[in-house]
Structure formats: structure tokens, C-alpha cells
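Everything numeric here is computed off the predicted structure, so don't read it as measured data. Just so you know, these numbers use all the heavy atoms, side chains as well, and skip hydrogens, waters and symmetry mates. Just so we're on the same page: letters track the sequence lines, and every chain starts at 1.
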Amino acid sequence: MKEIKVILPDGSERRYRAGTTVKDVAFDIGSRLGKAAIAGKVDGKLVDVDYPLENDVQLSIITVDSEEGLEIYRHSAAHIMAQAVKRIYGKDVKLAIGPSIEDGFYYDFDLAERITTEDLSKIEAEMARIIEEDLKFKGYQLSREEALGKLKDVDEIYKVELVEDLSDEIVSFYQQGEFEDLCRGPHLPSTGYLKAFKLMNVAGAYWRGSENNPMLQRIYGTAFPKQKELEVYLHRLEEAKKRDHRKIGKELDLFSVSEYAPGFPFYHPKGMVIKNELIDFWRQEHRKASYQEVGTPLIMNEELWKRSGHYDNYKENMYFTEIDDQGFAVKPMNCPGAILVYKSRMHSYREFPIRMAELGLVHRHELSGALHGMMRVRAFTQDDAHIFMLPEQIKDEIINVIKLIDRIYSVFGFQYRVELSTKPENAMGSDEIWDKATDALRNALEVLDLDFKVNEGDGAFYGPKIDFHLKDCLGREWQCGTIQLDFLMPERFDLNYIGADGEEHRPVMIHRALYGSLERFIGMLIEHYAGAFPVWLAPIQVEVIPVVEKHLEYAFAVEKQLTDAGIRAEVDSRSEKVGYKIRSSQVNQIPYMLIVGDKEMEKGTVSVRERREGDLGDIIISDFKERIEREIVERNNNL
RNA sequence: GCCGACGUGGCUCAAUUGGCAGAGCAGCUGACUUGUAAUCAGCAGGUUAUCGGUUCGACUCCGAUCGUCGGCUCCA
């Protein structure tokens, strides 16, 4: 009998006879681990618990407590759901794919009947029965040919397509009860292992994510090892929805959208304060970073857009109009405008890098179904900049921009995720030029030692980009900052500069945005702060609350002292009780309330109430003014 | 754009099987003169998203359009 050596993650070694399963080893280590084991990882490859060990291996036991374990758990839940759907809707349900995702899982189905939200409880009930039946997940393997034959027999056209795209000669299937599915695995030992799950919603999804393919019906669900964890998750979702910027935006009267302008947001006075504060901060930082600001037209001749390549590559997203019988387009991007500013005169290499910033209002025709509050709109202000430079300045400039983004995001306390997007299908320019640009971006990220994910084929049509992603209240990611390197526009527009040799040369360009779009960034901020903006951003910074009418005059005097100092203060002059007015300010997330009555009038003080800390006692007005001014200047995040 | 759900005063929600559209909050008026999260009373506010159909009768049923929400796709 052959003996094998099993090395565990802690480095310890154990000896077993060949054929011992992962589960046996787990039980040998401890009976609790044995029971908790749902899969194994053998030499880095995930396997089922009944996988027999035939050689010396590195083994780790997977339980639901690990990330990998949870993925297996949720993926198995997807299979159970698919089984339930087949039981309910019959054999003509065709299966597509059913992966685990962050926070849950989904499965895509093709069936004639429409699954609606009401059907979900029916499917859940069937899933509960399948769990009750405690069916074993049994894996088996077929040759590619056998697999194709089998799948064609049962008319699983999507699975056939998947196998056809596989390069492996052996493919694996899993069976639980009457249900079989092509799957790489591994899975839970049996359906009874699934404890807490819930189906969340149904949605349409194109097969393989392409709108040219048929639309399938996708059911989203989530699953947790314990009922309590599921409840905590659902509760967290409910809480997160309270932070939704669309809800808070309405409650705090920051912005609105109208049926008369779908996707084109209206800023209310309070929303405008936030936008302007962001812009002030932005200008301040850009002056420090040696940027100049320009402004370019919203509407420019179609010929310009043909030259830039937008007409060929971006037309579906653009709005067109006619002026004096000539075609014009509303700008979807600011670059051609900036380029025209550049081209308006000669440039010397001595000027470089030229950092030309623009708060440009761009319009893009987004699909109606894609619109989302302030996060995805059809008109937005980009905090854009175009940097014209020498090729040898690329790396330093990219590093400068990344540092600037990091500095700005840190003021808000944002965590971000970085992606490097490479050449898309509809790109202009040669592979060679793209490789050069992509390497420059990658190099900058590596120099700064930033983690990033490569997003193949997601670059702009004129160049690769580094994107900065932020998460909204429900964990959905939105692209905000972006840095795009471009060798092509300078070519197309025949940009040049006079070098030290007196000859004309071609400059290189960076397109970049830090906030990305003011609208999206404001949406992110609302959710990030749940409406309780730091003082520097708060639309109203101070509410002066007179106790009774006779204190009104003093209240207005206090207000004036503050507004004269540039502080956004107002008096709640309604003839209501103090408690009522305080509540009103609290609900509106106003950072400071100043209560003024007889005591304060006599002493020339104000009683300070901070929205979170409550009553701070009374201090003289000038001291309060100093305190809040400092907080504003420092842009304290006070989360 | 595609799939599904939804659309009732400014906001949050009611309205038996199709049978007189109602409440709270906000607003306005008046009274109260109030000390750290909601004083009381009164008033006003609606072609039930829009258009069409079925019906003696439609917020309710059917169809179309618009918009919103959750996804897909796309993207800042």
C-alpha cells in the first residue's frame, strides 16, 4: 500500500495511505474540522471533500469561514436554485451560467415563461425542499466529445457553447438528485449543507453580456452559513438604502430631476453650495499644482468631431444640431476644445508641461435604462485637464496626477480601487503606440506601488487609461477619477512644438479628471457622509435658534457676524419651541446650532450645539467664529 | 435600448370583489412666548404620470406612451 505525505498550511506533515480523501484528513485533524469541511485545496486547486489523495500534496481544508469556502457555498446555492427552477418550470428551462458573486450568487435561465418577483418565494420553497432532501453533489467527468453529445441531447445550447469554447479534453459535471449541470466545481458535500439563503430579485441579462445575444432571465440570490448572518446582511442593506443619494438629495433639497429633462439634473441652492465648494477646493489645489484654467464652447462644428475621431467612434453618445445649415455637435468630451486652445499659437518645449484644466460641461446620450440619479446622467461637469508634454515627461506627469487624486480623495476619506484599462476593439492607432502608452501607465502605477486590476479592452478609443473607482452605499462601484494617455489626438490634430533643435516635434497628451464628474462625485459624497457633510461642505453651517421672539434681534446680530466672516449661517425665526427648531436643524444635518436666549444676550455668548455631540455649553461669539473658521479652512472630515 | 417591477397632494403612505380619493409630515393663518430632537387649532393643497379602451360607473381592468426603480449593456 502506497503511503503519501500531506503538508498542511501550517507546514506540518502527515502520512496517509494513498486514496485517503480530503474529508478523511479533515476528520483526522479534528472531528469539528471534519464536519465543517466543505472542500479542499490540493496543490492550489480546489477540490470536493471526497477527492482522493493519490500523491504527496500540499493540502488545506476549506470551510465556509474562508472566502473560498463561502464562494463554494454560494455557488452550490446557485445549483440548488437551478434545480428548483427546473422542477417548477420543467425541462425546457435552458441553463446558462450560475456563478457566485460578491454578497451572493445568480443563475441565468432561458425559458419561455416570465419569472416575476412573486415567483421567487415559490422557488425558495422548492429550494428548501431540495435542502431537506439532502442530495449529494456528485461530480463526474466526461470527454469533451461525450459532454457535447450529452448536452446536445438535452438541448442545453448555452452549455454546448461553453464546452465548445473550452480547450480541455475532459470536462466535469455535477449531479444532485435528478439535476445535472456542467460545472468545474467544487461544491458542498450535499444540498443539506445550505442553511440560510434568500432570492433577491430577477433581472434581464444578455447571454455573455452582449446586446446582440438573446436576453436571459437572471435570478439574484444570497446565502450565508448562518441565518443570523443573512439577517445582518439584509438589515445592512436596509440601512444602506437610507444613504441613497437620490433619497437624501430630495430630503435635503440638494437637487432634483424632472420628467422634462431625464438624465439632466437640476441643482437646487443647497446642492449648488456643495458643487461650488468642491470647485473652490479644486481650483486651490490646481493652482498649487501649476495648472492653468480654460473654458471652451459647448457646441462645435461637426468637422471638428470628424477630425478628432469622435464622429466615427462616439457618435451614438452624441447630440447633434444645426446652425446656419451646418452640422454642429454638443461636446461629449473636452479634449478637442483644449486642443484648439493649444493650436491657437506656437509652443516651445520650454513651456512644457502645459497643464490646461477645464470644468467642462459635457453631454452624452446614455441609454435611458442606464440613468441613475446623479451617478449616471446625460449632462455632467468634468473636472478635466489636458496636459501637453514631451515624451520624457510622461512618467513624472502621470505620477503627479495620481498623487493629486490621492490627496484630493484623502480629504474626503475615500478608499478607492485602481484599474488599468487597455486597448478596446474600436480603437484608433497601432498596437505599437498602444503598447507604449499602456506601459507608461503601468510603469507609473508600479513606481508608486499601487495595487491595480487590469481591465482588458476597456480603454478610451484614443488611449489606455487608469481609472479610480469608488463604492456607493450598496457597494456598487462607479468610476470617478481617470488618467488617459494619448498619442493619437496630437497626431490627428497635427499638434507640434518647437524643440531645442529649432525643429517641429509632436507633443504627447494626458487627459485626466480627478472627481471625474462633479455630479457623480457629489452623489458619492452624499452616500459617503449619509447627508451629514463636513462643515466646509455643509450647505448651511450654522443655524441660529432664538429661544423666543424677543431674542430675534440678537439672533440676527449673531448671524450677521458669522455671514460677514463668510460663514453660511441663518436664523430660524419661526415662532416655535426651541426643541422643534433644534429637531428641524438636526434632521437637516446642520453641523452647528447656536441657541440664544436671555443668558446669551446678557453675556454676549452663544450656546453651541453640535449635531452629533449635542450641547457644548456657551462661549463668546468670537471664540465660536474662530473654532468654525478653523474647521472650515482645515476641511476637517469630522466623520 | 433590452428584461422585470412600479407611478395617488411638495414628501411618506391609505382607499373591500370596479361604487363619493383620505391620513401624517411639510406649507399657510391664528393662538401659545416657549431653553437643547416634534405646542394646539384651523385652512389650503388632486383631471390618481399621460393618452386611449372596456364598463351604468375606473385610482382599481386592458393597451400605448412617458418617467422612476432593480439588473444587462455602456460609461465620468
ask   = Given Watson-Crick or G-U pairs with both distances under 3.5 Å, what dot-bracket string fits RNA chain B, with | for other-strand pairs and [ ] for crossing?
value = (((((((..((((.....[..)))).(((((.......))))).....(((((..]....))))))))))))....
request  = Give the C-alpha distance, both sets of side-chain angles, the deciding distance and a yes or no for ring-ring contact (aromatic ring centres under 6.0 Å, His included) between A/Phe255 and A/Phe266.
outcome  = CA-CA 5 Å; A/Phe255 64 87; A/Phe266 291 70; over 10 Å; no
ask   = Taking 4.0 angstrom as the limit, do A/Glu102 and A/Lys471 come out as a salt bridge?
value = yes
ask   = What string of B, S and - do you get for nucleotides 36-43 of chain B, 5' to 3', when a contact is any protein heavy atom under 4.0 Å?
value = BBBB----
ask   = When only distance counts, do a donor and an acceptor, one from the side chain of A/Tyr206 and one from the base of B/G71, lie under 3.5 Å apart?
value = no
remark   = Paired with A/Tyr158, the side-chain hydrogen bond (donor to acceptor under 3.5 Å, both in side chains) test is passed by just one of A/Asn213, A/Asp110, A/Asp108, namely A/Asp110
ask   = Between A/Arg364 and B/C74, does any side-chain N or O lie under 4.0 Å from OP1 or OP2?
value = no
Sequence-distant partners of A/Glu456, side chain to side chain contact (heavy atoms under 4.5 Å, CB included), two or more places apart = A/Thr422, A/Val454
ask   = Who passes side chain to side chain contact (heavy atoms under 4.5 Å, CB included) against A/Asn334, sequence neighbours left out?
value = A/Lys331, A/Glu358, A/Val362, A/Gln382, A/Asp384, A/His386
Nearest-Å distance for atom pair CZ/C1', residues A/Arg574 and B/U33 = 16 Å
message = Nearest whole Å is fine: how far is B/C72 C1' from A/Ile101 CD1?
response = 13 Å
request  = Could you list the residues that satisfy side chain to side chain contact (heavy atoms under 4.5 Å, CB included) with A/Asn201, not counting sequence neighbours?
outcome  = A/Tyr220
Identify all pairs in which a protein N or O lies below 3.5 Å from an N or O of nucleotides 59-68 of chain B, and state each distance.
none

task = Examine the base of B/C3 for any acceptor or donor lying under 3.5 Å from a partner atom in the side chain of A/Arg218, and report the outcome as yes or no.
result = no
query = Given atom CG of A/Asp253 and atom P of B/G27, what is their separation to the nearest angstrom?
reply = 12 Å
message = Can you tell me which nucleotide in B/A76, B/G4, B/G35 comes closest to the side chain of A/Val202?
response = B/G4
Aromatic-base stack, A/Trp478 on B/A76, cutoff 5.5 Å, angle under 30 = no
key: Nearest-Å distance for atom pair NZ/C1', residues A/Lys250 and B/G10   = 10 Å
request  = Taking atom P in both B/G45 and B/U29, compute the distance separating them and give it to the nearest angstrom.
outcome  = 16 Å
key: Nucleotide B/U34, atom P - distance to CD1 of A/Ile545 in whole Å   = 17 Å
ask   = Checking A/Arg74 against A/Phe105: charged group under 6.0 Å from the ring centre and within 45 degrees of the axis?
value = no
key: Nearest-Å distance for atom pair CD/P, residues A/Glu211 and B/G1   = 12 Å
query = What is the distance, rounded to the nearest whole Å, between atom CG of A/Leu237 and atom P of B/G70?
reply = 12 Å
